[in-house]
Amino acid sequence: MANDARLPLTSMVCRRAHWDTEWLRKWEARFSEADPDGRLRPSPAVRFHRKNWEWLAIAQALSERGMLERGRRGCGFAVGMEPLASLFAASGAEVLATDLGAADEAAKAWTTTGQHAATLEALYWPGFVSRAEFDARVRFMPQDMRALEPDRLGHFDFIWSSCSFEHLGSLEAGLQFVLRSTELLKPGGFAVHTTELNLSSDDATVETGDSVIYRRRDLAALAHRLRLIGCAMAPLEDFAGIDDEDIEYDYEPYYGNGREHIKMMLGGFVTTSCLLIIRKGRFPAVLSPAAMSEPVLMPEAGPAGSGPHDAARLRAEIAALKASCSWRVTAPLRALARRLR
């Protein structure tokens with residue numbers, strides 16, 4: 001079932017039914033008006049493309065949460081040549097756009113495919129915003145997502161990335177970015193990201209390399225880790241759709257098989273884009289050791305407490321407890337109990 005237009009978007013999986021919703025049609029019309037030549041379409045061979053869905057879903061999620069307004073500040077990561085910086089500037093928001101420095105070897109690879117930005121010029125889309133407004137509201141700064149510099153970047157009402165953090169080398173490296181980037185958010189701020197989701201396995205996946213693929217259980221673990229640092233992820237609506245375009249995934253050579261590009265075969269798995277919406281709490285929170293350490297994902301085997309995985313999970317749970325507010329609040333009671341022994 002498509003999202004009800006009256007309800008705010010939640011974390012969700014890209015599916016064909018979204019193209020029938022009011023929110024997607026609204027943003028699609030805005031993009032078509034700004035880009036009459038279709039330069040923003042990844043391929044003219046398909047009508048439904050998950051990359052366009054990512055941009056439209058990010059815009060909707062931020063807009064309905066009051067982030068795309070004058071006076072708001074946002075930061076985008078690995079922005080490439082995407083139109084979102086121009087679109088957000090048109091709303092009145094101030095934007096810091098970031099990407100790898102031009103000298104980075106990975107940046108050189110992305111440049112050859114037109115997916116890397118090293119200057120503001122690459123981010124300017126005149127159909128969305130005037131040059132004067134763009135220059136007044138958009139800045140560019142090199143930034144490696146694997147080595148964030150909060151003191152240099154500053155603090156923002158919202159941050160975003162579009163299918164970027166799966167390219168950081170491993171599943172955990174991408175999750176570390178999501179967790180650490182919340183340091184950039186002001187209390188009450190929002191982070192909106194898209195990434196790859198594995199639709200054909202919640203066990204085997206691509207765990208390392210240039211493009212990893214997250215499983216549902218990886219995102220469930222991320223939601224728990226975000227709670228430990230005073231943040232929360234909107235519930236994941238993981239229904240992947242049942243329309244023809246959801247079932248008939250594209251495969252290499254992409255766009256040459258007479259299929260839409262909502263789902264695709266990647267690394268031996270059927271995947272699609274997934275939207276994650278995260279809100280930071282009102283009070284400062286430290287990045288606890290339990291949140292920043294990689295969780296142990298338990299296999300379906302053996303009784304509880306029967307192996308090293310259980311011991312590791314128990315240690316992680318104890319560390320999380322000791323990092324919690326409840327542990328600090330109950331410290332006097334524990335001290336009194338020790339004296340009464």
Side-chain angles (χ1 to χ4, degrees), residues 23-42 49 51-104 107 110-145 148-150 152-165 181 184-186 189-194 275:
W23 68 263
L24 193 145
R25 289 198 299 266
K26 176 191 72 173
W27 287 109
E28 195 169 45
R30 178 74 177 90
F31 271 56
S32 296
E33 178 185 351
D35 180 41
D37 299 328
R39 291 183 300 149
L40 287 171
R41 296 191 62 80
H49 198 294
K51 175 53 68 175
N52 291 97
W53 176 90
E54 290 172 27
W55 293 337
L56 306 182
I58 289 171
Q60 176 66 13
L62 290 173
S63 175
E64 64 192 8
R65 288 163 173 80
M67 295 293 105
L68 303 186
E69 298 175 355
R70 190 173 300 276
R72 296 291 194 183
R73 297 186 70 239
C75 181
F77 292 94
V79 293
M81 299 177 69
E82 68 185 32
L84 296 182
S86 287
L87 176 65
F88 297 164
S91 74
E94 296 179 12
V95 173
L96 174 62
T98 74
D99 211 333
L100 285 170
D104 191 287
W110 289 111
T111 299
T112 61
T113 59
Q115 298 180 74
H116 176 260
T119 66
L120 281 177
E121 198 62 40
L123 300 172
Y124 177 54
W125 290 87
F128 287 104
V129 64
S130 71
R131 186 72 208 212
E133 289 178 298
F134 179 86
D135 289 341
R137 296 174 186 156
V138 182
R139 296 185 297 123
F140 177 83
M141 181 183 296
Q143 176 63 63
D144 188 340
M145 295 168 66
L148 291 180
E149 303 170 86
R152 191 166 72 97
L153 292 170
H155 291 89
F156 304 89
D157 298 292
F158 66 92
I159 60 176
W160 86 90
S161 71
S162 176
C163 258
S164 301
F165 69 79
S181 64
L184 304 173
L185 287 173
K186 298 176 183 178
F190 287 91
V192 180
H193 305 288
T194 59
L275 178 75

Point-to-point distance, once rounded to the nearest 0.5 Å, from [atom1] of [X] to [atom2] of [Y]:
| X | Y | atom1 | atom2 | answer |
| --- | --- | --- | --- | --- |
| Phe190 | Leu62 | CZ | CG | 9.0 Å |
| Ser164 | Asp99 | OG | CG | 8.0 Å |
| Arg152 | Gln143 | CZ | CD | 5.5 Å |
| Cys163 | Trp55 | SG | CH2 | 11.0 Å |
| Ser86 | Met81 | OG | CE | 11.0 Å |
| His155 | Leu184 | NE2 | CG | 6.5 Å |

If we only count heavy atoms from C-beta on, is the [X] to [Y] side-chain gap below 4.5 Å?
| X | Y | value |
| --- | --- | --- |
| Arg137 | Val95 | no |
| Met67 | Phe88 | no |
| Val129 | Leu87 | no |
| Thr119 | Phe140 | no |
| Val79 | Trp160 | yes |
| Ser91 | Arg72 | no |
| Ser63 | Trp27 | yes |

Minimum heavy-atom distance between [X] and [Y], given as atom pair plus value:
| X | Y | value |
| --- | --- | --- |
| Leu123 | Phe134 | O-CE1, 3.7 Å |
| Ala59 | Leu68 | O-CD1, 3.7 Å |
| Gly154 | Phe156 | O-CE1, 3.5 Å |
| Thr194 | Glu54 | OG1-OE1, 3.1 Å |
| Asp35 | Leu40 | OD2-N, 2.7 Å |

Problem - Carboxylate-amine/guanidinium proximity below 4.0 Å for Asp157 and Lys186 - result: yes
Problem - Pair Glu28 + Arg25: basic N to acidic O under 4.0 Å - result: no
Handout entry: Cation over ring face, Arg131 and Tyr124, 6.0 Å, 45°
Key = yes
Practice task
May I ask you to decide if Met141's main-chain N or O and Thr98's side chain share a donor-acceptor pair within less than 3.5 Å?
Solution key: no
Handout entry: Side chain Arg30, main chain Phe128, donor-acceptor under 3.5 Å
Key = yes
Completion exercise
Quick note, ring-ring contact (aromatic ring centres under 6.0 Å, His included) partners involving residues 60-86, not counting sequence neighbours, are Phe77-Phe177
Handout entry: Stepwise side-chain contact (heavy atoms from CB on, under 4.5 Å) test for Phe31 and Leu56
Key = CA-CA 9 Å; Phe31 271 56; Leu56 306 182; 3.7 Å; yes
Completion exercise
Applying side chain to side chain donor-acceptor pair (under 3.5 Å) to Ser130 and not counting sequence neighbours gives Glu133
Fill in the blank from the handout: Contacts satisfying salt bridge (Lys or Arg N to Asp or Glu O under 4.0 Å) that involve residues 74-86 (not counting sequence neighbours) are none
